Protein chains: 2
Amino acid sequence: MARGIQISHLSERLESIADFCDTEVMFAVVGGKWKLLIVLYLLRGKHRFGELQRALPADITHRMLSRQLREMERDGLVHRTVYPEVPPRVEYELTPAGRSLKPLMEQVESWGSWYRKYLRELAHKADD
Amino acid sequence: MARGIQISHLSERLESIADFCDTEVMFAVVGGKWKLLIVLYLLRGKHRFGELQRALPADITHRMLSRQLREMERDGLVHRTVYPEVPPRVEYELTPAGRSLKPLMEQVESWGSWYRKYLRELAHKADD
DNA sequence: CTGTATCCCGTAAGATACTG
DNA sequence: CAGTATCTTACGGGATACAG
């Protein structure tokens, strides 16, 4: 175990992404329905489970948030800290791998913004 | 209609991605199981349906290839040209929006490559 | 050669309830 | 507060056959 990451699960994951080309790997690890939003939020800092749930769209269930976080932990993107208190407190933060997504996310975001404009312009031309 | 893109479908698509943040948009348009590989192949140039099928992993059915291409056409990433011949010949090529993905794809690929190494190193440390 | 229609299946995701 | 168990649903994707 290094930095709290479940290594055994990492090698599992290495196997399971073996079929993917390098370009597909990112989709494999942040392609879940909520994972992108989770990464974006955690890029702002360490947060508790409840904070995440409130920060994300209302229709994410408790169960799904938990699952997506576990998968991201298994993939070495997120580190989970449990404080042995009552009531329990759990904090999530990005690992170096998680933080390394930042510049990429910015690129992806600006492409998305550009693409939206592109679609609107085409739709506009169609009105002529 | 501009450049052969189905504009009516574009406005449809504009609606359907309205719920996504800009960062999610890219995943919405190239997140299909084979779309990434299709983009990568078409970045090399215009290709026929059959060429695509042979270039992609053997387990993609022609039904799925057809569907993914149609969705990408609807999203304005791919342009489809039908030659009125017998037997029919159809060629696919990227639109400007499709080609605009190139630098992003390169970033995504190099992140994927880096991430693989990162996982291997962590797994290696675990052996110590 | 390219494409669609029909039917089927597996898995991601949601609802709900219960636990430490 | 955080998490899991169980059950269910929805949907992307696959097999196959047929058509222009």
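Chain naming here is simple, since letters A, B, ... match the order of the sequence lines and numbering starts at 1 in each. Source: prediction; values computed, not measured.
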Is the phosphate of C:dT2 approached by B:Arg80 (side-chain N or O, under 4.0 Å from OP1 or OP2)? no
At under 4.0 Å, does any side-chain N or O of B:Arg67 touch on OP1 or OP2 of D:dG14?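 No, B:Arg67 has no side-chain N/O under 4.0 Å of OP1/OP2 on D:dG14.
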Base of C:dT6 paired with side chain of B:Arg63 (donor-acceptor, under 3.5 Å): yes
Residues [X] and [Y] bridged, charged N to O under 4.0 Å:
X        : Y        : value
A:Lys117 : A:Glu121 : no
A:Glu91  : A:Arg89  : yes
B:Arg80  : B:Glu93  : no

Look at all strands and tell whether A:Tyr83 reaches a base, only sugar-phosphate, or nothing, counting heavy atoms closer than 4.0 Å. nothing
For B:Gln68, report the nucleic acid contact type (base, sugar-phosphate, nothing); a contact means any heavy atom under 4.0 Å. sugar-phosphate
In whole angstroms, the gap separating P of C:dA13 from CG of A:Leu69 amounts to 13 Å
Starting at CD1 of B:Ile38 and ending at C1' of D:dG13, how long is that distance when rounded to a whole Å? 13 Å
Between atom CH2 of B:Trp34 and atom CD of A:Glu24, what is the distance when rounded to the nearest 0.5 Å? 8.0 Å
Which nucleotide in the set [options] lies at the smallest distance from any side-chain heavy atom of [X]?
X       : options               : answer
A:Pro88 : C:dG3, D:dG13, C:dG20 : C:dG20
B:Pro87 : C:dC1, D:dA2, D:dG14  : C:dC1
A:Ser66 : C:dG14, D:dA2, D:dT4  : D:dT4

